[in-house]
There are 2 protein chains.
Amino acid sequence: MTDIKSEVDGLCREEEDLRQGIELLYFAYREFTAEPDAILAQLGLGRAHHRAIYFIGRRAGITVSELLATLRITKQSLSRVLKQLLQGGFVIQAAGASDRRQRLLRLTDKGIELERRLTEAQRNRIAKAYREAGDEAVTGFRQVLTGLLDAADRRRFVGATKRSQA
Amino acid sequence: MTDIKSEVDGLCREEEDLRQGIELLYFAYREFTAEPDAILAQLGLGRAHHRAIYFIGRRAGITVSELLATLRITKQSLSRVLKQLLQGGFVIQAAGASDRRQRLLRLTDKGIELERRLTEAQRNRIAKAYREAGDEAVTGFRQVLTGLLDAADRRRFVGATKRSQA
DNA sequence: CATATATGTCAATATGACTGACATAAAATC
DNA sequence: GATTTTATGTCAGTCATATTGACATATATG
């Protein structure tokens with residue numbers, strides 16, 4: 001059974017476990033964004049452009065509203081980013097067919113190429129971590145991260161907790 | 001055996017797996033910082049202050065150099081943050097005993113209290129995700145995140161991949 | 001004494017976010 | 001058809017976080 005001393009130890013260990021999780025997230029996220037940031041800097045773009053390009057590439061024809069809801073930033077913030085991507089020829093807009101107020105966003109070939117370059121760096125890094133850790137660890141990784149999400153974000157990943165089987 | 005079609009499927013699934021990992025990290029990190037950011041905003045502070053407070057709390061007596069190396073920002077960036085924390089009475093400095101050029105940083109009681117409030121939000125969130133996912137998943141979570149780190153950051157977590165046993 | 005190190009500071013700049021206000025076009029509703 | 005709501009864009013001002021580059025000071029070290 002647990003005497004007082006080992007309960008204290010248990011509390012310290014739990015605290016230590018949680019702090020390690022906090023720190024791992026911080027350091028891993030920093031590392032995760034470092035490479036794309038370096039590529040973007042050479043083009044005079046920033047991380048915000050990567051996010052926009054990423055989600056436009058992920059869902060071709062996404063509306064501005066949907067993109068705003070995904071990124072959870074103000075339209076004024078997105079506006080500048082989107083304007084630069086349009087001017088740079090990375091993204092094109094088209095009026096929606098059923099609702100012509102909508103501006104449906106798509107990557108150009110140039111945009112697709114940039115998205116590939118940016119995301120490849122992250123994909124390689126994740127792929128390496130997945131390979132080293134193994135399938136079981138990847139499932140755990142996903143479970144814990146999914147548990148950190150709020151309800152709205154979790155809906156994006158329904159049925160995606162387990163790794164797809166090849 | 002694998003015919004062409006299922007190989008294509010396999011590639012798509014792998015791509016999908018990796019993109020889900022990328023997105024989970026993005027959404028989870030955003031969620032993870034949301035609560036502390038809200039608390040900090042009320043005090044006229046920002047996320048950078050949380051980071052400084054966190055690592056000073058984590059290692060009382062840390063030097064400015066060590067903090068800079070941990071955060072990987074310029075001293076000019078840290079300077080402003082640290083000045084505000086000193087002025088706000090969250091942090092105190094003391095000259096090092098063996099090297100009096102050093103400014104050893106410590107949280108005041110007020111700083112400890114703020115650190116607790118800020119980190120508690122994150123700790124609760126992680127604790128909930130850990131509980132829901134289970135010990136095995138937590139181990140996997142740590143393995144994958146550790147795999148994302150660069151060599152320097154990984155050294156911070158040597159022997160910490162597995163969850164401590166109670 | 002000369003040099004290197006730990007720290008601090010001034011100035012200018014960039015990025016990414018915010019709030020608030022206002023504008024326009026198109027859809028939806030009464 | 002007139003009104004209202006929605007989707008989007010834009011102007012202006014502000015803030016927080018980061019950068020580079022240059023320079024200053026105190027202390028340690030050879």
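Here is how names work: the chains are called A, B, and so on, in the same order as the sequence lines, proteins then strands, and each is numbered from 1.
- Although no hydrogens or angles enter the test, the distance criterion places no donor-acceptor pair under 3.5 Å between the side chain of B/R106 and the main chain of B/I92.
- Nucleotide D/dT8 holds its C1' atom 13 Å from the CG atom of A/L86, rounded to whole Å.
- Between the side chain of A/R154 and the main chain of A/L149, a donor-acceptor pair closer than 3.5 Å is present.
- When rounded to the nearest whole Å, the span between CG of B/L85 and P of D/dT17 equals 10 Å.
- A salt bridge does not link A/E16 with B/R123: every distance from a Lys NZ or Arg NE/NH1/NH2 to an Asp or Glu carboxylate oxygen is 4.0 Å or more.
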(request) Please test B/H49 against B/L43 for side-chain contact (heavy atoms from CB on, under 4.5 Å), starting from the C-alpha separation and ending with a verdict. (result) CA-CA 11 Å; B/H49 301 91; B/L43 298 169; over 6 Å; no

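- The interatomic distance linking B/L78 (CG) with D/dT20 (P) rounds to 15 Å, in whole Å.
- Look at A/Q93 and you'll find a side-chain N or O under 4.0 angstrom from OP1 or OP2 of D/dG9.
- Salt-bridge annotation for A/E23 and A/R19: absent, with no side-chain N of the basic residue lying under 4.0 Å from a carboxylate O of the acidic one.
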(request) For B/L25 and B/L145, run side-chain contact (heavy atoms from CB on, under 4.5 Å): C-alpha distance rounded to whole Å, both residues' side-chain angles, the deciding distance at 0.1 Å, then the answer. (result) CA-CA 10 Å; B/L25 262 179; B/L145 284 187; 4.2 Å; yes

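- Residues from residues 61-70 of chain B lying near DNA chain C, meaning a heavy-atom separation below 4.0 Å, are B/T63, B/V64, B/S65 in numerical order.
- One interatomic measurement links the two molecules: NE2 of B/H50 to P of D/dA18, which rounds to 14 Å at whole-angstrom precision.
- B/R100 contributes no side-chain N or O that, together with a main-chain N or O of B/A95, makes up a donor-acceptor pair within less than 3.5 Å.
- Ion pairing between A/E113 and A/R117 fails under the 4.0 Å rule for side-chain N and carboxylate O.
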(request) Would you give a per-nucleotide map of nucleotides 25-30 of chain D, 5' to 3', where B means the base has a protein non-hydrogen atom under 4.0 Å away, S means only the sugar-phosphate does, and - means neither? (result) -BBS--

(message) Quick one, A/V64 with A/Q102, criterion side-chain contact (heavy atoms from CB on, under 4.5 Å). Give me CA distance, side-chain angles, the key distance, then yes/no.
(response) CA-CA 7 Å; A/V64 173; A/Q102 295 179 334; over 6 Å; no

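- Per the geometry, CG belonging to A/L105 stands 12 Å off C1' belonging to D/dA7, to the nearest Å.
- A donor-acceptor pair is defined here as one N or O able to donate and one able to accept, closer than 3.5 Å; no such pair exists between the side chain of A/T63 and the backbone of A/R103.
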(message) One character per nucleotide, please: for nucleotides 10-19 of chain C, 5' to 3', B when the base has a protein heavy atom closer than 4.0 Å, S when only the sugar-phosphate does, - otherwise.
(response) B----SSBBB

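- Not a single donor-acceptor pair under 3.5 Å links the side chain of B/R142 to the backbone N or O of A/L24.
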